[in-house]
Amino acid sequence: MRQYCLLLACLFLLPHGAARADAAAATDAGVRLRVLSVFFGNRDTPYEILLEKGLRAGFSETDEQPGIVLENIYLDMIDNYDPARARLINQALKLKHDARPPFDAVILSGLPSKQFMREHGRWLSDGPVIQIESDFIDIPATLDTGQFSLRQTLAIAETAADALAMLPNTHTLWVIAGTGRGDVAALDAARAQLAPLAGRVTVRFITVQDADALFAEVATAPRDTALIYLRASRDGKAQRLIPATFGRQLARAANVPMFCIYEPILLQSDCVGGRVSAGAQTGKTVASLIRQLLNGHDAGAGVQLLPAPARYRWPQLQRWQIRRATIPAGTDLIDFTPTIYERYKKQVWSGVLVLCLLAAALVGLMWALGQYRKQRDTLAEFEQRWHLALDNAGQGVWDLDLRSGEAFYAPGWRAILGLEASANAPQVREAHIHPADRKRVSSLLQQHLSGHTPHFESEHRMVRADDTTVWVRERGQVVRRDKQGVPLRFIASMQDITEQRVAQEHIRHMATHDTLTGLPNRTLLTDRLDRAMSRARRMGNRVAVVFMDLDHFKTVNDTLGHPIGDLLLIAVAGRMMPHLRETDTISRQGGDEFVILLPELASAADAAHVCEKLQREMDEPVTLDGRSLRISVSMGVAMFPDDGNSVETLLQKADVALYQVKNAGRGDYRFFSADMNHELEDQFDLESRMSTALRNGYIQWWYQPQIDLATGALVGAEALARWIEPDGTRIAPDAFIPVAEKFGHIQALGALALRSACHEACKWAQACGRPIPVAVNLSAVQFRRPGLTEMVRTILTETGLPAEHLILEITESVLMEDNIITRESLAGIASLGVGLSIDDFGTGYSSLAYLKRFPVNHLKIDRAFIADLNCDPDSDTIVRTIVQLGHNLNLQVVAEGVESAAQAEQLRHYGCDMAQGYFYHRALSPEHFLQVLQHA
């Protein structure tokens, strides 16, 4: 059962298809050949979109060659290769296809796709395998028989040469790239390719360290400078960047023109252009190579370089006043706005030619009419041919003689409606118009017959002879009137546009609905909420907006994988629907966020009732992949008109209420209140002051001594943050540390804490001649971001503090997340020799499994248990158990919050190793701590 659920989850990722015979037999039998393309990213990535577009164009059917079926797999492995996900995708493929190789050829894009092919994909095809690689970045793979490597050229030197030709006054080139693996490789390629330019221009190679600083620098670049942007997927802080988005921001910030070498970046940014690769042309070239191979032709060398065509954006060329004459020959101009003559040059000459032909035809016709006026059979033959031509073009002709009332319906017209050849009565057409459209179509026809419109045109439904309905487009015109303007003859054509209408409806549905769950998206929700508020104003009722998300959904994705997470979202959406009315709307906003619209409510109690029903429904576990998952939801509610009169205001206030629920422990719902706004305003005020406080040293680190309970000696210290304004005002850590975590200051705050504590610990060792270990608290946010281990190593090296004299305190919530980045950070810190301590042990998600799995050295008993020592037998039992547990696992146990001699004596009796608290010392400034240490 478990294996079946896994495979079912993967089937959401794969398009449908069928097996095939080998390529030669398929060609002989007329069966369309099939090609599998394995993309390493997802379908929304610009590179994948362009590559797939080129492949589909190359495999489309033409007059010279048949079409080839293209099937795509998106591995969604942009950052790292995921073996578990690869196995699921492979099993899903085997469910879809039989044991024979289902594809005639395979295309691989990116390193994860090549690894997937090596581990699982050899059964997919016994035909050629095409690997799309990047020259200078990807190391050429060893090619087996039938494998080809098409390498995308990095035409950096050619792009630089174009830039200097277009901008002859340029004396400096700034070449910009990020810090990711591919970014660094591209920059190395630029150094090699641009070396010959050293004597002609000054070339400066720039690595993106701080995006804002770089934006400020390019905004003031000298006028004789040009930028060449390679790509940036990471900055100097290892933060992930979107290359195209970063390129757009960089080009808009720069006061000089910017050139680029990748087509996805060119199409989504404001760069001038360049010799670009990695675009639709790559897909067309790959498709051409596969056609040669499958047709048995020689495809050439195993490793081939793909061309990098010149493509430039016309609006950017105009912006930087680059003359068209300086553009390389054969350049593809994007968004080019030609002159009126250039735009209509072909049409003008075509029109002249047509006029000449028409004039000649008119002369010939007049001569023919003069010579053969009485030969009506010839005219009838011409008319018959005209009808036949329109029928063959897929348009049925109908002809109405308004004087006699007779009608003629061509065979093509009757075929659209499935009518017999004898159906030529004037009433046949009107009888087959759908009753709901009949009045409107008749009105349009009468308007044209009476001369109010130049022609007749209508899109409407027609009922076929078998009672099925088709959509048609009718176009017609009166071709003869008498001297008084009375219509005498009317001719029209009818075209079946059913498939076009269905496609339009599908596109309209996709634009307003979530692709995963099928629920309305934000666009449709906004429209319905606006309508609901308008009705509420007229009727005097109320509207509720419920912002809801799943608690700990990230943990499900990290532990079970995104396919299971997607199935969970679908299951949650299905559970909510039965508890809502037909007038209610559930919308997915993205990720695990949903918005529920409840119109026409009498009071807020009605919304509360719905929230309670949904929470009870979510209490029932969901079974996926053989696992029983317990989920809970948090909800924030805003009411119209009480909390706002606009869509944006209601959604924002519902989000604020949801945020308050999360801070209070999740798994509940709350209505928005004015107090929530005040709390947010206080947080925004602290956030606006925090940068100044960090820069000016208002946030300091004081140190609370830690005492050896056996000897009474001062053996360590804990660094505690203190925010003290110049006027003496103090801001509590409980107030500003959550703000730092929420608004992105925690990285700077954590680095400053580590550097200050390590520096002070070195001073203590010199002053007293013995090491005094220092403990520093780390935020859970710091563990979710890469680079923590490197930061600790750098600070230890800069300050000279031995690693064993530093202890990092973490909460149990960090261990609960147990994701890849957290595990790597904990292992890396332990490898440095730095101690790890679990802070507030016993108050969170305590688990012996975490103590065994992670390299922990210390346990810290929470002050809540110490406060009740000698007063509450349960607290005594808990403290004694924690001490025994720590010692059994060879861990040191530290008690915090010791405020009396009786508490200290009891802890000493239980065998606790160290203690800290007001009984010994409050937190001291660095100067006072040093004085206490020297007199200890």
Side-chain angles (χ1 to χ4, degrees), residues 697-724 730-737 740 749-750 752-765 767-768 770-779 799 801 805-811 834-843 857-867 869 879 882 892-908 912-936:
Y698 300 159
I699 299 180
Q700 308 167 8
W701 272 265
W702 289 21
Y703 302 91
Q704 187 172 43
Q706 295 177 333
I707 308 300
D708 188 320
L709 285 169
T711 64
L714 194 159
V715 293
E718 179 183 3
L720 300 172
R722 294 291 183 266
W723 184 343
I724 305 175
R730 292 174 179 256
I731 300 174
D734 291 345
F736 70 82
I737 288 180
L749 193 66
L752 186 58
L754 276 172
R755 187 169 282 106
S756 301
C758 291
H759 178 72
E760 293 298 330
C762 289
K763 291 172 58 177
W764 302 338
C768 66
R770 63 185 177 92
I772 305 296
V774 62
V776 180
N777 289 278
L778 288 184
S779 165
T799 60
L801 180 70
H805 298 164
L806 175 63
I807 301 170
L808 299 181
E809 295 190 358
I810 58 178
T811 61
V834 174
L836 288 172
S837 173
I838 300 181
D839 195 13
D840 302 334
F841 185 78
T843 61
N857 308 99
H858 302 76
L859 292 182
K860 202 164 189 181
I861 306 175
D862 187 72
R863 64 180 66 247
F865 301 122
I866 306 302
L869 274 180
V879 171
I882 293 175
Q892 276 197 322
V893 182
V894 183
E896 61 179 349
V898 178
E899 298 185 357
S900 68
Q903 292 173 348
E905 180 59 33
Q906 191 73 345
L907 288 168
R908 187 180 301 109
C912 184
D913 299 298
M914 292 187 292
Q916 65 185 83
Y918 291 173
F919 175 67
Y920 300 106
H921 289 284
R922 293 176 178 269
L924 305 173
S925 65
E927 299 80 8
H928 289 166
F929 183 88
L930 187 57
Q931 293 175 7
V932 171
L933 183 62
Q934 289 172 337
H935 292 86

Distance (rounded to the nearest 0.5 Å) between [X] [atom1] and [Y] [atom2]:
X	Y	atom1	atom2	answer
His858	Leu808	NE2	CG	11.0 Å
Leu924	Leu720	CG	CG	10.0 Å
Ile772	Gln706	CD1	CD	10.5 Å
Met914	Leu709	CE	CG	9.0 Å
Cys912	Gln892	SG	CD	9.5 Å
Leu859	Asp839	CG	CG	10.5 Å

Closest heavy-atom contact between [X] and [Y]?
X	Y	value
Pro733	Ala721	CG-O, 3.3 Å
Pro773	Ile807	CB-CD1, 4.3 Å
His921	Val932	NE2-CG1, 3.6 Å
Phe736	Ile731	CE2-O, 3.4 Å

- Backbone N/O of Leu836 and side chain of Asn857: donor-acceptor pair under 3.5 Å: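 Indeed, once roles are kept as given, a pair shorter than 3.5 Å links the two residues.
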
Test of understanding: with side chain to side chain donor-acceptor pair (under 3.5 Å), list the residues that count as partners of [X], not counting sequence neighbours.
X	result
Arg922	Tyr918
Gln704	Gln916
Glu896	none
Glu809	Lys860

- Decide yes or no for Val898 and Leu869: does some side-chain heavy atom of the first lie under 4.5 Å from some side-chain heavy atom of the second? no

- Item | Ile707 side chain reached by Leu714 side chain, heavy atoms, under 4.5 Å | yes

- Message: Is there a side-chain contact (heavy atoms from CB on, under 4.5 Å) between Asn777 and Glu718? Walk through the geometry before answering.
- Response: CA-CA 8 Å; Asn777 289 278; Glu718 179 183 3; 2.9 Å; yes

The criterion is side chain to side chain contact (heavy atoms under 4.5 Å, CB included); which residues satisfy it with [X], sequence neighbours excluded?
X	value
Pro926	Trp702, Tyr703, Glu760
Asp708	Ala710, Thr711, Val715
Gln934	Ala767, Leu930
His805	Pro771, Leu801, Pro802

- Task: Apply side-chain contact (heavy atoms from CB on, under 4.5 Å) to the pair Val776 and Arg755, showing each step before the final yes or no.
- Result: CA-CA 10 Å; Val776 180; Arg755 187 169 282 106; over 6 Å; no

- Should Leu806 and Leu754 be marked as a side-chain contact (heavy atoms from CB on, under 4.5 Å) after you check the CA-CA gap, both sets of side-chain angles, and the distance that decides it? CA-CA 9 Å; Leu806 175 63; Leu754 276 172; 4.1 Å; yes

Considering residues at least two apart in sequence or located in another chain, which fulfil the ring-ring contact (aromatic ring centres under 6.0 Å, His included) criterion with [X]?
X	result
Phe929	Trp764
Trp701	none
Tyr920	none

- Task: For Glu905, check salt bridge (charged side-chain N to carboxylate O under 4.0 Å, His left out) against everything at least two apart and list the hits.
- Result: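 Scan of Glu905 (salt bridge (charged side-chain N to carboxylate O under 4.0 Å, His left out), adjacent residues dropped) gives Arg908.
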
